[in-house]
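Here the structure comes first, spelled out in structure tokens, and everything after it is commentary.
Computed from a predicted model, the values in this text were never measured in an experiment. The figures here come from the full heavy-atom set of this structure, side chains too, leaving out hydrogens, waters and symmetry mates. We name chains A, B, ... by the order of the sequence lines, and we start the count at 1 in each one.
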Amino acid sequence: MTTSAPTSATTTPRGGVERYDPATIEAKWQERWAADGLYRTADRVPGKENWYALTMFPYTSGDLHVGHWFAMAPSDALVRFRRMQGYNILFPMGFDAFGLPAENAAIKGGLHPQDWTYANIERMRGQLRRMGASFDWDREVITCAPEYYRWTQWWFAQLYRQGLAYRGEALVNWCPSCNTTLANEQVVDGKCERCDTLTEQRMMSQWFFRTTRYAEQLLANEDLDWPEHVKLMQRNWIGRSEGAEVAFALEEPTATGVDEIRVFTTRPDTLFGVTFMVLAPEHPLVRQITTPRRRKAVGEYVQAAARKTEIERQSTEVTKTGVFTGAYCVNRLTGDRVPVWVADYALATYGTGAVMGVPAHDQRDFDFAKQYRLKVKVVIAPYTGKAKARLTEAYVEPGLAVNSGQFDGMPNTEMKTAVAAYLAERGWGGPRVTYRLRDWLISRQRYWGAPIPIVHCEEHGAVLVPDDQLPVELPYDVEFRPTGESPLALSEAFVNTTCPECGRPARRETDTMDTFMCSSWYFMRYADARNPIEAFSSAGAEAWLPVDQYTGGSEHATMHLLYARFFYKFARDINMVTGDEPFTRYFSQGQILGPDGRRMSKSRGNVVAPDDQVARWGADCFRAYLMFLGPWEQGGPYDVDGIVGVSRWLNRLWTLVVDPPTRTGGPEGGPLASELRRAAHSTLERVTEDLGRYRMNTMIAALMELTNTLQDARATGEADRAAWDEAVELLLLMLAPSCPHIAEELWTRTGHGQDASRGSVHVQPWPAFDPALAARDVVEIAVQVNGRVRERLELPADADEATARAAAEALPKVAEHTTGHEVVRVIYVPGRLLNIVVR
RNA sequence: GCCGAAGUGGCGGAAUGGCAGACGCGGCGGUCUCAAAAACCGCUGAGGGCAACCUCGUGUGGGUUCGAAUCCCACCUUCGGUACCA
């Protein structure tokens with residue numbers, strides 16, 4: 001690599017001392033480590049415990065951005081630390097390579113998605129190498145490679161065989177610009193996550209995975225060593241609700257013999273207060289029960305609702321709309337005749353798609369009732385006082401049942417279970433749990449994804465492609481026209497095939513799989529990435545799974561991280577892996593922002609290019625600066641001016657080691673020697689602890705402090721040679737995780753590691769911390785009077801309270817504030833302070 | 001609206017019941033230099049004082065405590081998630 005060195009660094013050699021030149025040493029060591037296979041992973045190493053560390057693989061967008069560095073560089077530092085602690089490490093890297101942008105680039109620029117993707121991978125590999133991270137490239141995974149997606153298809157087949165993959169007609173989110181369906185998670189504010197176009201609702205035949213079957217297991221995430229807010233996000237996303245299902249009798253059964261409307265409610269205690277029913281516009285019963293006279297109005301309403309986008313639906317929040325179907329049903333508990341309405345505040349995709357209207361005790365129902373002058377019936381009264389005769393809003397607080405037949409007088413919290421049980425007894429419904437989580441829609445009408453391994457046969461319907469015929473390969477030669485059908489549908493060579501059951505002509509499924517499918521199991525493939533006959537071997541799984549430490553952004557909390565958990569539980573159920581969870585520990589780093597404190601984007605012109613930073617300052621410096629910026633979990637603005645501080649530090653450190661003090665003839669074990677030694681060992685304590693708690697910023701600060709101490713020692717001259725060498729050696733070992741190149745270079749220059757595979761600083765054991773060496777024997781404590789600091793005092797570290805108090809009281813400034821007052825109390829915190837409380 | 005995280009010098013941040021501002025940026029002054037850059041040294045929360053020192057100060061208001069940035073209550077602001085989920 002030939003990048004221009006910092007303008008200042010090479011121009012003026014200082015007194016003949018060689019200057020720190022990151023470009024040269026970084027290129028040298030990257031080559032050397034690769035040649036020595038320093039980071040190649042064996043499944044087992046005698047005497048070492050395995051540790052699987054993973055950082056989320058990048059999408060093949062073409063360039064590594066600062067966010068990738070911010071995620072990966074500290075992850076690499078943690079890995080290097082663990083490696084030095086004696087673990088056998090798996091730290092792989094790969095590429096999330098399927099997805100829409102490649103295809104959009106193809107439509108726009110005439111580049112084939114595959115060529116676009118592989119060119120990007122080539123580029124990104126180089127950028128990742130220059131990071132100096134200790135990835136094991138021998139296990140690289142590329143999700144768009146047939147050797148990989150063969151197994152993605154295999155997973156589909158497994159799920160299909162277990163009844164967890166199914167085809168269903170469903171109302172789906174449709175992006176008119178991308179011409180494809182989107183998962184709920186990919187719709188942001190009613191807009192397509194990728195292109196910001198308003199999405200629509202369409203009814204289509206799609207492939208789904210039954211994620212809801214695992215809802216309860218996915219919900220149980222409390223014990224994971226993950227950030228609490230991420231676990232909470234997942235729980236909210238799954239959204240478990242306890243309540244009851246209630247069947248209302250239709251007054252007139254439909255032509256097809258349906259005689260009930262089923263609703264889900266979390267408030268069975270308000271069942272006596274039902275005054276109307278609401279069906280979602282897409283509810284299958286709507287057409288069937290609407291009376292001839294209402295048909296026109298209902299038809300128009302349903303059509304209008306279908307045209308509405310998510311945003312429009314949300315903007316109607318103030319006024320609820322709906323139409324009466326003309327039909328009635330019966331509340332079996334009361335015998336009441338209840339009108340059935342259609343309204344789009346009922347969601348087709350939640351619960352049963354129908355709602356019982358209890359205006360007195362639900363604000364939405366109240367608003368609707370007010371709008372259409374429907375009856376309001378109070379069935380819960382406050383514990384104290386009387387129910388209001390005329391409500392101005394729904395009463396949603398707890399209370400006692402009224403107007404509720406045999407339940408009158410019962411606290412409503414009790415009544416919930418009582419009514420549910422009563423319903424079950426009569427066969428009118430019963431207790432029920434519902435989740436907000438929907439099944440995972442995996443169909444995409446796009447080319448650049450793994451084809452769904454299904455063949456449609458006239459006689460046999462949807463037939464799975466046999467495992468031995470996988471992969472179903474993507475044809476290279478296709479036309480890219482955004483028609484709303486996958487370009488695959490236009491490829492005769494792809495579509496036309498034969499039925500695996502009967503051998504007669506059949507058509508291939510042309511939908512491809514959501515790319516989240518590829519990333520749901522990539523971490524398992526790493527365990528045995530080159531296996532040509534299985535997704536991975538059980539030996540590989542035993543050696544490495546589950547992942548010990550996962551790092552990545554929390555923007556994946558409700559998608560990738562949830563899907564990966566689903567996949568892992570499924571893998572467990574088909575005996576592929578052991579354990580229940582894929583990621584034992586997960587750490588989510590914050591987001592790095594532009595210098596202006598806003599999200600980096602080309603349109604704002606606030607993008608910082610990592611390549612430029614590396615060229616100017618070196619990879620070590622850039623890595624360390626990203627760690628030094630602030631708490632890793634917080635992220636924050638990238639200040640382009642601040643990095644110079646880290647650069648200065650590395651320069652000073654370099655000079656200190658390359659040009660050590662000349663007068664190191666100080667007395668052995670003198671005061672300076674013990675001070676140096678103490679500083680080195682207390683730094684070791686801090687750095688070890690900080691790394692263990694992901695506190696990269698204070699870890700770097702501690703290393704800077706030790707460097708400053710060494711510099712002071714050099715300035716004063718009288719350093720003990722042994723103490724100096726020990727401190728430098730410790731500093732370099734502690735520097736190795738964050739700044740691997742300079743640490744390695746200085747390590748060899750201080751007489752270590754001639755044979756890189758054995759002598760590399762990166763294979764040294766992490767130094768053991770000795771508390772005795774880190775301890776001070778004289779400490780300064782604060783002396784307070786009534787909580788105000790009045791004086792400072794030097795004391796032996798083990799001084800007792802009486803000694804401390806006597807010394808404190810002898811101080812004139814303390815006496816000034818205590819004489820003439822009565823001492824009420826004395827608080828002594830050894831090593832910290834002495835507080836004299838007077839009256 | 002609901003859920004979550006966070007508010008500390010000019011700036012990024014440190015300190016999670018014990019000396020607020022570690023470490024770094026920026027600024028000011030100095031050494032070296034013909035000069036500049038680099039490097040190095042010193043100062044740098046605010047107000048007052050010639051000074052030693054004193055007072056104030058961690059979003060706002062209250063509380064607990066010998067002692068609160070840190071714990072409790074109420075509120076304000078910013079950022080993230082979610083949003084008619086019955």
Side-chain angles (χ1 to χ4, degrees), chain A residues 6-9 11-12 14-15 19 188-190 227-230 232-233 235-237 239-241 243 263-267 270 278 280 310 313-314 316-318 320 343-347 349-358 362-365 367-368 434-438 554-555 557-558 590-591 593 597 625 628-631 633-646 648-649 651-652 655 695 697-705 707-708 711 715 780-792 813 824-829 831-838:
Chain A
T7 44
S8 57
T11 45
T12 346
R14 172 183 170 275
R19 297 304 305 258
V188 178
D189 284 338
E228 288 302 321
H229 73 275
V230 172
L232 195 68
M233 250 191 253
R235 273 180 250 137
N236 291 342
W237 187 262
R240 184 193 147 100
S241 286
V263 299
F264 171 72
T265 179
T266 55
R267 296 296 305 274
T270 64
V278 177
E310 282 283 314
R313 277 204 179 194
Q314 279 171 26
T316 59
E317 218 176 303
V318 223
K320 295 202 175 357
D344 64 4
Y345 84 88
L347 305 176
T349 49
Y350 183 77
T352 61
V355 180
M356 62 183 212
V358 187
D362 181 286
Q363 192 56 41
R364 293 157 303 184
D365 297 343
D367 295 341
F368 190 74
T434 294
Y435 303 90
R436 207 190 78 114
L437 182 77
R438 319 297 213 259
S554 58
E555 68 270 22
T558 52
Q591 200 180 32
L593 305 170
Y625 182 53
F628 182 63
L629 274 178
E633 70 275 16
Q634 260 172 46
Y638 185 88
D639 175 12
V640 275
D641 297 322
I643 191 169
V644 70
V646 176
R648 283 178 193 149
W649 163 55
N651 270 299
R652 268 184 292 140
T655 309
R695 296 163 63 136
N697 57 330
T698 49
M699 185 251 327
I700 299 288
L703 294 178
M704 286 176 170
E705 280 184 67
T707 310
N708 293 346
Q711 182 146 325
E780 192 190 67
I781 67 162
V783 181
Q784 301 182 331
V785 178
N786 284 351
R788 283 173 183 276
V789 181
R790 296 299 176 185
E791 190 58 291
R792 279 157 238 276
K813 256 181 258 161
V824 189
R825 202 171 154 186
V826 173
I827 288 114
Y828 178 54
V829 184
R832 288 284 186 178
L833 58 66
L834 182 85
N835 187 12
I836 302 169
V837 185
V838 298

Inset, instruction - Please tell me which of the listed nucleotides, B:A86, B:A14, B:G12, lies nearest to the side chain of A:Leu347? - result: B:A86
Legend entry - Phosphate contact (B:A38 OP1 or OP2) by A:Arg648 side-chain N/O below 4.0 Å: no
Legend entry - Separation of atom CZ in A:Phe628 from atom P in B:G13, rounded to whole Å: 11 Å
Inset, instruction - Using whole Å, report how far CE of A:Met699 lies from C1' of B:G24. - result: 14 Å
Legend entry - Spacing of A:Glu705 atom CD relative to B:A15 atom C1', expressed in whole Å: 12 Å
Legend entry - Spacing of the C1' atoms in B:U33 and B:U78 (rounded, Å): 49 Å
Inset, instruction - Using the P atoms only, state how far B:C84 lies from B:G21, rounded to an integer number of Å. - result: 49 Å
Inset, instruction - Could you work out which one of B:C66, B:G18, B:C23 sits closest to the side chain of A:Asn708? - result: B:C23
Legend entry - Phosphate-side-chain proximity, A:Arg235 and B:C3, N/O vs OP1/OP2 below 4.0 Å: no
Legend entry - Rounded distance in Å between the C1' positions of B:U8 and B:A15: 10 Å
Legend entry - B:G12, syn or anti by chi within 90 degrees of zero: anti
Inset, instruction - Return the nucleotide paired to B:U60: Watson-Crick means purine N1 to pyrimidine N3 with N6-O4 or O6-N4, wobble means G-U with N1-O2 and O6-N3, both under 3.5 Å. - result: B:A74
Inset, instruction - Using the P atom as the reference point in each nucleotide, state the distance between B:G63 and B:G27 in Å, no decimals. - result: 44 Å
Legend entry - Presence of A:Arg695 side-chain N/O under 4.0 Å of B:C23 phosphate oxygens OP1/OP2: no
Legend entry - Nucleotide of B:G18, B:A86, B:C3 approaching A:Leu232 most closely (side-chain heavy atoms): B:C3
Legend entry - C1' gap between B:U77 and B:G26, integer Å: 27 Å
Inset, instruction - Would you please confirm or rule out a distance under 4.0 Å between OP1 or OP2 of B:C53 and any side-chain N or O of A:Lys813? - result: yes
Inset, instruction - Establish, with yes or no, whether the OP1 or OP2 oxygen of B:U65 is under 4.0 angstrom from a side-chain nitrogen or oxygen of A:Asn835. - result: no
Inset, instruction - Please state the C1' separation for the pair B:G12 and B:G4 - nearest whole angstrom. - result: 24 Å
Legend entry - B:G45 and B:A83, which share atom name P, separated by this distance in whole Å: 48 Å
Inset, instruction - Could you work out the separation of B:A22 and B:C75 based on their C1' atoms and round it to a whole Å? - result: 32 Å
Inset, instruction - Please check the phosphate of B:G67 (OP1 and OP2 only) for any side-chain N or O of A:Asn786 closer than 4.0 Å. - result: no
Legend entry - A:Gln634 vs B:G80: side-chain N/O to OP1/OP2 distance below 4.0 Å: no
